[in-house]
Amino acid sequence: MLDEEEVEKLRLAGRIASQVRRWAEGRVKPGKPLIELCEEVEGEIRRRGGEPAFPCNLDINEVGAHYTPPPGEGAVIPEGALVKVDIGVHVEGYIADTAVSVCLSSEYGLLKEAAEEALEAGIETMKAGVKVSEVGFAIQKTIERLGLKPIRNLTGHSIGRYLIHTGKHIPNVGSMNGLKVEPGELYALEPFVTLRDAAGEVVSGPCGNIYRVSKRKLPKNGEARRLMQEILDSFSTLPFTFRWLTPRGNPKVLSEAFNLLLKQRYISCYSMLIERTGKPVAQAEHTVLVLRDGVEVLTR
Ligand code: MN
Ligand code: MN
């Protein structure tokens, strides 16, 4: 169990994540450059005393997860898009993870509503001793009642200190999984919703510019060694992106060192997760602390 001081850090991370999510929701407008919005979101997290626990994710339409813009990208939010803003905040490694969907056309409004309703239904079933499959079943039922489909291969997840995933999953569909929720655990619940005629599953796409350390070692010498040291010192077990790295002198040197680390597998890239039939996806997410009796939603 976390002690009171640790829970306070978690609560602060949750409060910041919630404030920044609300702030971001109002800034999703057609024509807005993705890179601008992401940098503003990350700036708001820091201004409020948190650190981003992962790069701001902006996933559009059929992209379910794991995209952040690279530096210098010119892409903007398209007209009529269904945009997911997924935000992670940590305070001394205590992480809150939250997301909201913004629907810029009336056509997909129901997807957003279904994701939010399913999230609430999932939270209502969360308590110590409940099977994760029961939470998944409540989420699935809510989505299907509205005539829509959950994404069955995206799940919520347990969270640890400086770790965004610690290996337990909260499914978005019912299953035979007998695994139970334990007191003291921290979970992100995140239903993903798509149209009824979609596949209801995501497949791996190209690199979405979000990276992780995969070899905790340093290359022999040069700028790659310096850069890997920076990555280990600054992010360690948390995801990061190229925009967060410090250039020294010629920017070309930095990207060459970065590419070397990728090629030699010191770091690896998360693939974007894309709905297999190209149908739009909505998401809602909160971080929930499981207490001995009941739960505390940290990102309301
Ligand atoms: Mn998230
Ligand atoms: Mn999450």
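Counting starts at 1 for both ligands and their atoms, in listed order.
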### Task
Determine, step by step, whether Trp244 and Glu42 satisfy the side chain to side chain donor-acceptor pair (under 3.5 Å) criterion, reporting the C-alpha distance in whole Å, the side-chain angles of both residues, the deciding distance to 0.1 Å, and the verdict.
CA-CA 10 Å; Trp244 291 357; Glu42 291 159 8; 2.9 Å; yes
### Task
Could you tally the protein N/O/S atoms lying less than 2.8 Å away from the Mn ion (ligand 1)?
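Near the Mn ion (ligand 1), the number of protein N, O or S atoms below 2.8 Å is 4.
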### Task
Taking atom NZ of Lys32 as the centre, report whether more than 12 heavy atoms of other residues, nucleotides or ligands fall under 6.0 Å from it.
yes
### Query
Is the Mn ion (ligand 2) less than 2.8 Å from at least one N/O/S atom of His165?
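False for His165.
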### Query
Ring centroid separation for Tyr162 and His90, is it under 6.0 angstrom?
yes
### Query
Are Tyr211 and Tyr270 close enough that their ring centres sit under 6.0 Å apart?
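So the answer is no for these two rings.
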### Message
Please give me the minimum heavy-atom distance between Lys180 and Gly129, naming the atom from each residue.
### Response
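Answer, listing the atom of Lys180 first, then Gly129: CD-O, 3.4 Å.
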### Check ion pair Arg11-Glu8 (N to O, under 4.0 angstrom)
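Salt bridge between Arg11 and Glu8, a charged N being under 4.0 Å from a carboxylate O: yes.
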